[in-house]
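Quick notes on the structure that follows.
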Protein chains: 4
Amino acid sequence: MTGHAAPGRKRSDAARRAILDATFRLLEQEGFDRLSIEGVASLAGVGKTTIYRWWPGKGVLAVEAFLDAVAPAIAFPSTASARADLLSQMRLLAEIYRGPTGRFVREMIGAGQSDPDMREAFIEGFLAPRREAAREVFRRGQANGEFRPGLDPDVAIDSVYGAIYYRLLVSSGSIDDGFVEELGKTALNGIALH
Amino acid sequence: MTGHAAPGRKRSDAARRAILDATFRLLEQEGFDRLSIEGVASLAGVGKTTIYRWWPGKGVLAVEAFLDAVAPAIAFPSTASARADLLSQMRLLAEIYRGPTGRFVREMIGAGQSDPDMREAFIEGFLAPRREAAREVFRRGQANGEFRPGLDPDVAIDSVYGAIYYRLLVSSGSIDDGFVEELGKTALNGIALH
Amino acid sequence: MTGHAAPGRKRSDAARRAILDATFRLLEQEGFDRLSIEGVASLAGVGKTTIYRWWPGKGVLAVEAFLDAVAPAIAFPSTASARADLLSQMRLLAEIYRGPTGRFVREMIGAGQSDPDMREAFIEGFLAPRREAAREVFRRGQANGEFRPGLDPDVAIDSVYGAIYYRLLVSSGSIDDGFVEELGKTALNGIALH
Amino acid sequence: MTGHAAPGRKRSDAARRAILDATFRLLEQEGFDRLSIEGVASLAGVGKTTIYRWWPGKGVLAVEAFLDAVAPAIAFPSTASARADLLSQMRLLAEIYRGPTGRFVREMIGAGQSDPDMREAFIEGFLAPRREAAREVFRRGQANGEFRPGLDPDVAIDSVYGAIYYRLLVSSGSIDDGFVEELGKTALNGIALH
DNA sequence: GACTAAGCGAGACGGTACGTCTTGTCTTCAC
DNA sequence: GTGAAGACAAGACGTACCGTCTCGCTTAGTC
């Protein structure tokens with residue numbers, strides 16, 4: 001036990017809320033690149049110090065605002081067939097990434113390349129849980145004999161989801177239903193003929 | 001035809017060289033994020049105007065400096081077996097991305113998410129040629145019966161290379177030899193038992 | 001009498017002491033300009049509120065800390081001759097102002113120009129008593145026939161001490177013994193030949 | 001000869017004017033203490049950098065704006081009698097210091113106590129020329145036998161003008177005509193009966 | 001040989017945002 | 001009710017770059 005209660009004024013939840021809301025609004029309207037701490041403070045009616053007190057920079061702040069506003073949703077269904085579950089996860093992800101969330105994810109992975117804290121926060125808060133759900137499906141598929149037993153789950157997941165993120169970030173190809181079906185066939189059945 | 005030669009002083013190749021060299025030096029030492037036109041101009045002993053005259057911004061400038069300094073190398077071998085060629089391409093890419101080039105590629109794909117010109121320049125100048133080489137191998141594999149005939153080459157390539165870029169950009173997993181071998185098996189043979 | 005004893009906790013003398021001591025330490029080390037309530041609170045181990053509860057601002061606080069630490073000393077001697085007493089007051093003041101106290105006085109008169117409370121506090125606490133002592137000597141000199149009877153004491157004092165403060169605040173000339181002797185001659189005997 | 005003309009864009013006189021004018025306006029309306037570089041930049045429609053490029057800080061800037069706006073005026077008359085000239089200088093100074101200029105001078109001497117550059121600039125630009133004029137009168141007075149020959153001019157001037165500045169800065173006494181006349185008598189004829 | 005472009009270095013300019021500092025107020029808990 | 005702790009809104013600090021705009025100076029054709 002630490003024993004003593006912390007002295008001093010409590011953190012203001014109103015300020016926290018105002019900051020996250022303002023951040024998300026600006027993220028939506030201007031994009032991450034044009035987001036500024038100054039802008040957030042001004043829109044939230046908050047001192048800059050208050051932001052710097054609780055967040056290390058605009059990267060992590062943006063991630064938290066995004067998670068706060070968007071993440072709650074998005075849960076994966078689970079049925080008897082691992083193969084079907086995997087495909088339905090892929091379809092859901094593709095659908096989401098075609099919408100506004102896709103832009104946020106692009107921007108956050110992008111900006112994360114030069115902001116380790118942000119990268120960490122985004123992986124931890126957004127990608128890791130989804131990856132864990134996928135890994136779960138994959139393990140189930142191996143257990144019930146649907147998937148090859150010898151494969152490394154992480155590599156298999158990279159192969160399936162990597163393709164989606166690659167399209168999102170790099171390739172100009174769209175992430176439409178056709179692509180997802182095709183990817184399902186390719187990844188599940190393999191490229192080599194025999 | 002315009003017919004007439006343009007009047008006025010010719011573009012200085014010395015300035016061009018100095019700018020590209022300075023840009024690459026700063027890119028190496030400071031990273032893309034901390035790169036600034038001001039810094040390049042100062043290090044190159046060049047006016048800022050000269051940079052803005054020929055490049056639209058630091059994004060495209062960095063891409064050109066990178067291509068100028070690094071890209072010339074990196075060519076893929078070609079043998080009788082498409083499968084072997086694909087694996088050797090993957091191994092080569094993995095090796096390169098483990099080294100300093102990996103950081104440049106990460107930074108450029110990252111920054112490209114909020115700079116369309118840069119994204120375009122990087123894809124055009126760096127990724128597209130490599131993708132074309134991979135597509136070539138894939139088509140050969142389909143032609144000589146090594147690879148499944150029905151597959152969309154682009155999707156197949158996304159599945160293989162997407163996994164590598166996913167590791168580079170997002171996952172904390174390293175892109176070591178074991179990963180590449182495993183990825184080869186997974187992607188070529190498929191995930192589903194059949 | 002209000003009858004009732006004041007309720008609540010008594011003012012902490014320890015806090016008062018810690019605040020005045022910390023203020024004076026910072027005044028010595030950093031100068032008035034760089035003094036901050038924040039710094040005082042931190043060095044004294046005291047909440048800012050406690051300072052604001054008892055002092056209107058850093059100006060008055062600094063004056064009180066200065067008076068608390070320095071003022072007790074400095075008393076003027078008194079002999080039979082008003083002329084001698086006046087000169088000895090001038091010499092004493094000059095000596096003090098050549099030392100560290102000179103800097104405090106400079107800073108306080110300076111800062112007082114944009115802080116009326118501080119100005120008031122410094123005059124009341126430091127300058128007025130000394131001026132009164134001088135006025136006393138002057139009156140004695142008029143009474144015993146050493147000084148001209150018609151003169152306004154305040155103007156006479158301004159003429160003598162004003163010169164010293166002028167040197168302190170404005171002129172780059174030093175306030176050395178030679179200056180004081182010369183000033184004595186000039187002020188006492190006058191500038192005009194007859 | 002340096003030979004080469006300075007390269008680069010010339011300093012903008014429009015910006016210089018706008019800055020000085022804005023500074024003086026704010027100085028008048030808000031006082032030196034509440035003057036801020038930010039405020040000047042905003043009112044002048046100028047980047048902060050432009051101010052920092054040419055002035056070391058708000059102190060020196062304020063002095064220059066003051067000199068630019070106010071100083072041109074104020075010249076001393078010169079007649080046959082040094083005594084009369086001295087008195088007329090004193091009266092003129094007193095009159096000016098009773099007006100708005102008095103506040104500027106108070107603030108500048110005050111702030112100069114913690115800003116050496118500003119102090120230097122104000123003495124150099126404002127006080128020194130006036131002191132030189134006074135010294136000139138005094139020397140003339142000594143030369144033509146009006147004033148005591150043995151006196152140090154600087155000390156004599158300190159004694160006369162010091163009293164005025166002392167009233168301005170410290171004493172609450174007003175600098176009215178009565179005071180000036182009285183000061184004239186006291187300083188010129190001396191305090192001691194003799 | 002003069003004229004007319006355009007390129008070039010230098011660097012001033014109006015801005016935006018940075019991350020820090022301090023102000024004076026408010027809130028909480030301990031005494 | 002006092003006091004230590006510390007959060008809060010506000011706003012200025014001085015710095016770094018942005019992208020644009022003069023400058024005066026080289027080049028190169030074109031007349």
Side-chain angles (χ1 to χ4, degrees), chain A residues 4-12 14-16 18 34-42 44-54 56-58, chain B residues 4-12 14-16 34-42 44-54 56-58, chain C residues 6-12 14-16 18 34-39 41-42 44-54 56-58, chain D residues 4-12 14-16 18 34-42 44-54 56-58:
Chain A
H4 300 288
R9 182 175 177 174
K10 289 256 177 69
R11 176 172 184 181
S12 156
R16 201 188 94 94
R34 308 193 44 187
L35 182 72
S36 73
I37 299 275
E38 205 121 293
V40 171
S42 151
V46 135
K48 283 199 287 176
T49 320
T50 302
I51 299 177
Y52 283 112
R53 205 186 336 263
W54 303 109
K58 79 167 191 166
Chain B
H4 301 289
R9 184 175 175 175
K10 288 263 175 67
R11 177 172 183 180
S12 155
R16 201 187 95 94
R34 310 192 43 189
L35 182 73
S36 72
I37 299 275
E38 206 119 293
V40 171
S42 153
V46 136
K48 283 200 286 176
T49 321
T50 303
I51 299 177
Y52 282 110
R53 203 183 339 259
W54 303 109
K58 80 166 190 166
Chain C
R9 183 173 172 177
K10 289 259 177 65
R11 175 170 184 183
S12 155
R16 201 188 95 94
R34 309 192 44 187
L35 182 72
S36 71
I37 300 274
E38 205 116 297
S42 152
V46 137
K48 283 199 290 174
T49 322
T50 304
I51 299 177
Y52 281 112
R53 205 186 332 264
W54 302 109
K58 79 165 191 168
Chain D
H4 300 291
R9 184 175 173 175
K10 289 254 178 71
R11 176 171 183 181
S12 155
R16 200 188 95 95
R34 309 192 45 189
L35 182 73
S36 72
I37 300 274
E38 205 122 291
V40 171
S42 150
V46 137
K48 283 200 287 175
T49 319
T50 303
I51 300 177
Y52 283 111
R53 205 184 338 260
W54 303 109
K58 79 167 191 166

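Remember, predicted model here, so these are calculated numbers, not experimental data. Letters go in sequence order (proteins before strands), and every chain restarts at 1.
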Could you pull out the protein-nucleic contacts involving nucleotides 24-28 of chain E (nitrogen or oxygen on both sides, under 3.5 Å)?
unit_1	atom_1	unit_2	atom_2	d
E:dG24	OP2	C:Y52	OH	2.9
E:dG24	N7	C:K48	NZ	3.1
E:dG24	O6	C:K48	NZ	2.6
E:dC26	O2	A:R9	NH1	3.2
E:dC26	N4	C:T49	OG1	2.9
E:dT27	O2	A:R9	N	3.4

Task: Upstream residue (5' side of DNA chain E) when A:S36 and B:A44 are each assigned their closest nucleotide - done: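 Nearest-nucleotide comparison on DNA chain E picks B:A44.
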
- [ ] Return the 5'-most residue of the pair D:V46, B:R11 with respect to DNA chain E, ranking by each residue's nearest nucleotide.
- [x] B:R11

[X] [atom1] to [N] [atom2], straight-line distance once rounded to whole Å:
X: C:R16; N: F:dT2; atom1: CZ; atom2: C1'; answer: 16 Å
X: D:R53; N: F:dC21; atom1: CZ; atom2: C1'; answer: 12 Å
X: A:I51; N: F:dA7; atom1: CD1; atom2: P; answer: 15 Å

Tell me, please, which residues at least two apart from [X] pass side chain to side chain contact (heavy atoms under 4.5 Å, CB included).
X: B:R9; answer: none
X: A:S36; answer: A:E38
X: A:A18; answer: A:A44
X: D:R11; answer: D:R16, D:W54, D:W55

Task: Sequence-distant partners of A:R53, salt bridge (Lys or Arg N to Asp or Glu O under 4.0 Å), two or more places apart - done: none

Open item on the list: Less than 4.0 angstrom between a side-chain N/O of C:W54 and OP1 or OP2 of F:dT2, yes or no?
Closed with: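 No.
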
TODO: Would you please confirm or rule out a distance under 4.0 Å between OP1 or OP2 of E:dG7 and any side-chain N or O of B:T50?
DONE: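 B:T50 to E:dG7 OP1/OP2: no side-chain N or O under 4.0 Å.
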
Open item on the list: Categorize D:G45 for me: base, sugar-phosphate, or nothing, with a 4.0 angstrom heavy-atom threshold over every strand shown.
Closed with: sugar-phosphate

Task: Polar side-chain atom of D:K58 near backbone of D:L35 as donor-acceptor pair, under 3.5 Å - done: yes

